Protein chains: 2
Amino acid sequence: MPVIGDVARLAGVSKATASRALSGRGYVADDTRQRVVAAASKIGYIVSPDAASLVTGRTKNVGVVIPFVNRWFFGEVLEGIERALLAAGYDLTLYNVAETGPERARVFDFFLARKRVDAVIAVGVDLSGHEVDALEHREKPLVCLGGSGGAAARLAVDDRAVGTLATEHLLHLGHTRIAHLAGAGALDHPASVAGQRRAGYLEAMTTAGITPAPSDIVETEMSTPDGYRAALQLLGHPNHRPTALFAASDEVAFGAMRAADRLGIAVPLDLSIVGVDGHEYAEMFDLTTIEQYPGEQGRLAVDVVLRLLGEGEVADPLPDSGAPLPTRLVVRASTTRAPR
Amino acid sequence: MPVIGDVARLAGVSKATASRALSGRGYVADDTRQRVVAAASKIGYIVSPDAASLVTGRTKNVGVVIPFVNRWFFGEVLEGIERALLAAGYDLTLYNVAETGPERARVFDFFLARKRVDAVIAVGVDLSGHEVDALEHREKPLVCLGGSGGAAARLAVDDRAVGTLATEHLLHLGHTRIAHLAGAGALDHPASVAGQRRAGYLEAMTTAGITPAPSDIVETEMSTPDGYRAALQLLGHPNHRPTALFAASDEVAFGAMRAADRLGIAVPLDLSIVGVDGHEYAEMFDLTTIEQYPGEQGRLAVDVVLRLLGEGEVADPLPDSGAPLPTRLVVRASTTRAPR
DNA sequence: ATCGAATGTGGAACCGTTTCCTGTCGCTCT
DNA sequence: AGAGCGACAGGAAACGGTTCCACATTCGAT
């Protein structure tokens, strides 16, 4: 395997000059540079990133910690991040970390603490103070996308407003008995995505002067199968039933639609359903939803990270760091006016 | 940031001994090791993987190239790989590479060619000879999971048999007019997953003495929305319709079920549907499917990779390298006897 | 008692880059 | 004409580990 010394010899220059010519830093005469580049490509030279980052301290690699890869939202974010990072010449090291536990601690204390990543993007994970400190102490920039606990740069949708908006949409349609399939984990972290959406729901209901029955709020994982289960539980009592349902995510909503179908409840005639995410399937299922744009969010997170790393060329200005990420209510056929 | 010299000094030993004590290679007296370890943890020492891999030539990092992260099958595989790699102390660098093109070439010629990964796992990607060579030339082990073109270690389901099995299931139920929603890309790569499943379907039909009408084979992307579109096209002519449908994947099958619902076609009364994958939602949708176990497949791929890397501790024996990965037909309510 | 192997430790070389420091030009400015 | 500066190139010192080699000790076997 050729090394830079080989390139230098072939081009008739010193290692120092070869390095400068290839990296584009420092003064190199134009024809010299050309000779070096030609020599390098001739013998198929490729720099050793290990050697380079050993001396520069930069690895051109960012770590992504993400609790799921197989939930639509997270998958989209991951794709967005990957694409943007690749375009910037960065590698992406994936840490799929869900629950708290020894495995998670190992990721933070061992994997991320090593010098292998220049920065970390945490998506949808509720970081402990200890975890944030560990990163900060190593001087690794940290960007949080959603989730909670991050003291650092944070990008997030206003999930409370999302919850309010979804609920108000149903209220405006005349519904009063509005149930909520709430994302679990809300209790541990009231600041979490699911907790915020639930808070927004409660706020809208309270503002409308309605107190939801406790049995009208059912916790569920943010998945279709569990949404199905939760919806069966919620809708199982035929005598008195909600006329509308705010599902904490589109995937939950799909499960609820399936449950309604199974129970012979017509959507939207007997039950209006609204979800959150703008899932790829939402259009097919005619689901009213509050869209967010996870792929774009991932791209944005990369923008911020690159800026934090002093990668100068990023042209577009930073989005107002405080401002929440955009969302949009898309009304489809799964919601309609409340029956009299 | 502490370096190994600091640890050595604090423990009163040489760098060499400290290194041996921490890595567990070579002879170190037991009490010496303890002193070194204590010193290391006291000052929070963590090895620099760059420095280590510079000299050893091993990075403890494997690259995964995968065309989608947001299709269920691929997401599951990725999760399985991640978990297994993490457990073995390896990092996973993700390359989300779909189409052929300059971006893909860049991944293979630049990213993967550098010394940053010890090996590559390619899942579901049809590798060109050039791409395989590039890796081989750098002496990087390559494990292919599904996909085609890999000359190297390959793990795969027998997708032709899967196609046959699914079709035979429908034939046994008395169906004769059996349509197929075929995964696209089959033409470019007849050896691809989708191409094999289609071949299996054709084989079973031919064996049964049936020649499917060309309009009964519709190509679709392996996604629910596109399955929906394709099924609408397939089932749109009310006069003569298939009584059964073999969808190239569960996700396609879900789209087809939705399309049937939309068209007022009852499943399974008017139309039996069988899919492939064992998708997380299959049970909820009562979908008959041929399960495969992508998470497990990912774990297996990691096993093979680790073995190729000479990671000795992996206890369980290699699965017979030629043998196809396991699958299982799971019959649910989406298939039933053909109407008379 | 002697020898060889096994065990334990340290010094120094090495991995492949980047970058600091020097040094040589050739040019412009005073 | 001499000083000063910018462009260019090379030697050598890092970066932070691992491992080869040499050397010292202990111990069991002959």
Side-chain angles (χ1 to χ4, degrees), chain A residues 1-37 39-40 43-61 89 91 110 113-118 138-139 310, chain B residues 1-37 39-40 43-61 89 91 110 113-118 138-139 310:
Chain A
M1 213 87 317
V3 298
I4 202 171
D6 302 333
V7 175
R9 196 169 330 109
L10 185 57
V13 298
S14 69
K15 278 168 47 181
T17 302
S19 172
R20 278 187 295 250
L22 293 172
S23 70
R25 269 180 296 271
Y27 293 115
V28 182
D30 222 45
D31 58 331
T32 308
R33 179 185 323 276
Q34 312 229 334
R35 273 205 331 276
V36 172
V37 170
I43 62 179
Y45 168 76
I46 295 171
V47 311
S48 155
D50 292 315
S53 61
L54 180 56
V55 30
T56 61
R58 323 199 65 197
T59 63
K60 289 274 207 169
N61 186 7
D91 277 333
F110 174 64
R114 297 173 316 167
K115 321 202 80 148
R116 193 167 268 169
V117 299
D118 288 338
R138 310 276 171 191
E139 293 174 342
Chain B
M1 215 91 314
V3 298
I4 203 171
D6 302 334
V7 175
R9 197 170 326 113
L10 185 58
V13 298
S14 70
K15 277 170 47 181
T17 301
S19 172
R20 278 187 293 252
L22 292 172
S23 70
R25 269 180 296 271
Y27 293 114
V28 181
D30 220 45
D31 58 332
T32 308
R33 181 188 318 280
Q34 312 228 334
R35 275 209 326 281
V36 172
V37 170
I43 61 178
Y45 168 76
I46 295 171
V47 311
S48 155
D50 292 314
S53 59
L54 180 56
V55 34
T56 62
R58 326 197 64 195
T59 63
K60 289 266 200 179
N61 188 7
D91 277 334
F110 175 65
R114 296 173 315 166
K115 322 204 79 147
R116 195 166 267 166
V117 299
D118 289 339
R138 311 274 170 193
E139 291 173 345

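Since the structure is predicted, the reported quantities are computational estimates derived from the model, not experimental observations. Chain letters run A, B, ... following the sequence lines, proteins first, then strands; residues in each count from 1.
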Let's see if you get this right: which residues in residues 4-18 of chain A place a heavy atom under 4.0 Å from DNA chain C?
Ile4(A), Lys15(A), Ala16(A)
Pairing donors with acceptors under 3.5 angstrom, does anything connect the side chains of Thr56(A) and Ser53(A)?
no
N/O to N/O distances under 3.5 Å, protein versus nucleotides 24-27 of chain C:
none

Assign Ser19(A) to base, sugar-phosphate, or nothing according to its heavy-atom contacts below 4.0 angstrom with the strands shown.
base
For Ser48(B), which residues count as a side-chain contact (heavy atoms from CB on, under 4.5 Å) partner, sequence neighbours excluded?
Leu54(A), Lys115(A), Asp50(B), Ala51(B)
Tell me, which pairs form a salt bridge (Lys or Arg N to Asp or Glu O under 4.0 Å) where one or both residues lie in residues 20-30 of chain B, sequence neighbours left out?
none
Those residues at least two apart in sequence (or on a different chain) that pass side-chain contact (heavy atoms from CB on, under 4.5 Å) with Val37(A) are Leu22(A), Arg33(A)
Using a 4.0 Å heavy-atom cut-off, does Leu22(A) contact any base of the nucleic acid, only the sugar-phosphate backbone, or nothing at all?
nothing
By nearest-heavy-atom nucleotide on DNA chain D, the more 5' of Met1(B) and Arg20(B) is Met1(B)
At a heavy-atom distance below 4.0 Å, which nucleotide of DNA chain D is the first touched by chain A, and which is the last?
dA7(D) to dG16(D)
Is there a residue in residues 24-35 of chain B whose heavy atoms reach under 4.0 Å of DNA chain C, and which residues are they?
Tyr27(B), Val28(B), Ala29(B), Thr32(B)
Determine whether Thr59(A) and Arg114(A) make a side-chain contact, defined as any pair of heavy atoms from C-beta on separated by less than 4.5 Å.
no
From CA spacing to verdict: side chain to side chain contact (heavy atoms under 4.5 Å, CB included), Val13(A), Thr32(A)
CA-CA 8 Å; Val13(A) 298; Thr32(A) 308; 3.8 Å; yes
Of all the heavy-atom pairs spanning Pro49(B) and Arg116(A), show the shortest one and how long it is.
CB-NH2, 3.5 Å
Listed by chain and number, what are the salt bridge (charged side-chain N to carboxylate O under 4.0 Å, His left out) partners of Lys60(A), not counting sequence neighbours?
Glu311(A)
Rounding to a whole Å, what distance do you find between Ile46(A):CD1 and dC15(C):P?
19 Å
Please name the pair of heavy atoms, one in Ala113(B) and one in Ile46(A), separated by the smallest distance, quoted to 0.1 Å.
CB-CD1, 3.6 Å
Excluding sequence neighbours, so at least two apart, what forms side-chain contact (heavy atoms from CB on, under 4.5 Å) with Ala39(A)?
Val7(A), Leu10(A), Ala11(A)
So, are Arg138(B) and Asp118(B) salt-bridged, with charged N and O less than 4.0 Å apart?
no
side-chain contact (heavy atoms from CB on, under 4.5 Å) with Arg9(B): which residues, sequence neighbours excluded?
Asp6(B)
What residues, two or more places apart in sequence or in another chain, satisfy salt bridge (charged side-chain N to carboxylate O under 4.0 Å, His left out) together with Arg35(B)?
none
End axis versus end axis in the helix from dA1(C)-dT30(D) to dT30(C)-dA1(D), the angle rounded to 10°, five pairs used at each terminus
40°
